[in-house]
Amino acid sequence: MPKHLEAAPWLAVHDRLLAALGAQHWWPGETPFEVMVGAVLTQNTAWSNVERAIANLKAADALSVAAILRLGDGELAALIRPAGYFNVKTRRLKALCGFLERAGVGGDPVRLARGGRLPALRQRLLEVNGVGEETADSILLYALGLPSFVVDAYTRRIFARLGLIGGAETYAHIRRTFMDRLPPDPALYNEYHALIVALGKDFCRPKPRCASCPLVDLCPRRGLE
DNA sequence: TTCCTGTGAG
DNA sequence: CTCACTGGAA
């Protein structure tokens, strides 16, 4: 008999957020490869800056595995400059593209999803320099449509305030907490993470705006910070 | 823990 | 001016 997992609060938070904030239509990228590039560029970076970098790549006709591998480091760094950390992210984008190329999916990165089961594919992504857990899960979920829940700083902050996690758990532990309680539905994971980001940006900020938060009545820490 | 970096809100 | 931003590596 498996340990009973109380899923109701996690589903209730999703439903409340969806009703209050509406569908978020993530990821804001036009192709799976664009989503993968965005996942790297947005690391610790505001999305508005990532949009500029991606616009530069498009304008230079450089938004493909082959084009990025062909560019010199200096050229690529100049294009993604608005996204910050441009030297680090130049190496990371090249590592990602090199991986896709070696995997034989350079011309059609969505075919990466056919390379075995989710845990094995996730492990292969984690071996790529610059792809950590959140980036790997973002690629799996938003580029490939696979049911891998994305945990980020907002998730940790929001669910700690809600009292549903402690807040100091590892990434893997929090991810499992969600995945053990939600059906493995990519559309649900997609919407849920997007809603979490929206709440974290607009309401459950470092200094929270509890008065207008759609979750106030669910939150034991409302008004305490 | 520290470093990596541009951008915009406050 | 300071802070936060859909982190990850060394």
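Just so you know, these numbers use all the heavy atoms, side chains as well, and skip hydrogens, waters and symmetry mates. As the structure is a computational prediction, the values presented were derived from the model and not from experiment.
The NE2-C1' distance, from A:His193 to C:dT6, rounds to 5 Å in whole Å. Put simply, CG on A:Asn190 is 13 Å from C1' on C:dT6, counting in whole angstrom units. Here C:dG8 presents its P atom at 14 Å from CG of A:Leu93, a figure rounded to the nearest Å. One atom, CG of A:Leu41, and another, C1' of C:dG8, lie 14 Å apart when rounded to the nearest Å. Rounded to whole Å, atom C1' of C:dG7 lies 13 Å from atom CG of A:Leu126. Whole-Å rounding puts the A:Asp152 CG to C:dG8 P distance at 10 Å. C:dG7 atom P lies 13 Å from atom CG of A:Asp137, rounded to whole Å.
Each of A:Gly130 and A:Pro206 was assigned the nucleotide of DNA chain C with the nearest heavy atom; the assignment lying further toward the 5' end belongs to A:Pro206.
The minimum heavy-atom distance linking A:Ala62 with A:Leu71 is given by the pair CB-CD1, 3.9 Å.
In this structure, A:Tyr154 does not count as stacked on the base of C:dC5 under the 5.5 Å centre distance and 30° plane angle limits.
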Candidate pair A:Val216 and A:Cys219, rule side chain to side chain contact (heavy atoms under 4.5 Å, CB included), full reasoning: CA-CA 5 Å; A:Val216 277; A:Cys219 190; 5.8 Å; no
* To do: Step by step, work out the side chain to side chain contact (heavy atoms under 4.5 Å, CB included) result for A:Leu215 and A:Leu162.
  => CA-CA 9 Å; A:Leu215 302 182; A:Leu162 287 171; 4.2 Å; yes
Each nucleotide of nucleotides 1-10 of chain B classed B (base within 4.0 Å of a protein heavy atom), S (only sugar-phosphate) or -, in 5' to 3' order, makes ---BBBSS--
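Partner of A:Val197 under the side chain to side chain contact (heavy atoms under 4.5 Å, CB included) criterion, chosen from A:Asp152, A:Ile158, A:Asp202: A:Asp152. Exactly one of A:Phe149, A:Tyr189, A:Tyr192 qualifies for a ring pair (Phe, Tyr, Trp, His ring centres under 6.0 Å) with A:His14. That residue is A:Tyr192.
For the C1' atom pair drawn from B:dT1 and C:dT6, the interatomic distance equals 23 Å after rounding to whole Å.
Salt bridge present: A:Arg16 and A:Asp217 bring a charged side-chain N and a carboxylate O closer than 4.0 Å. Taking a cutoff of 4.0 Å between a charged side-chain nitrogen and a carboxylate oxygen, A:Glu30 and A:Lys58 qualify as a salt bridge.
Across all strands, A:Val131 comes closer than 4.0 Å only to sugar-phosphate atoms, never to a base (heavy-atom distances).
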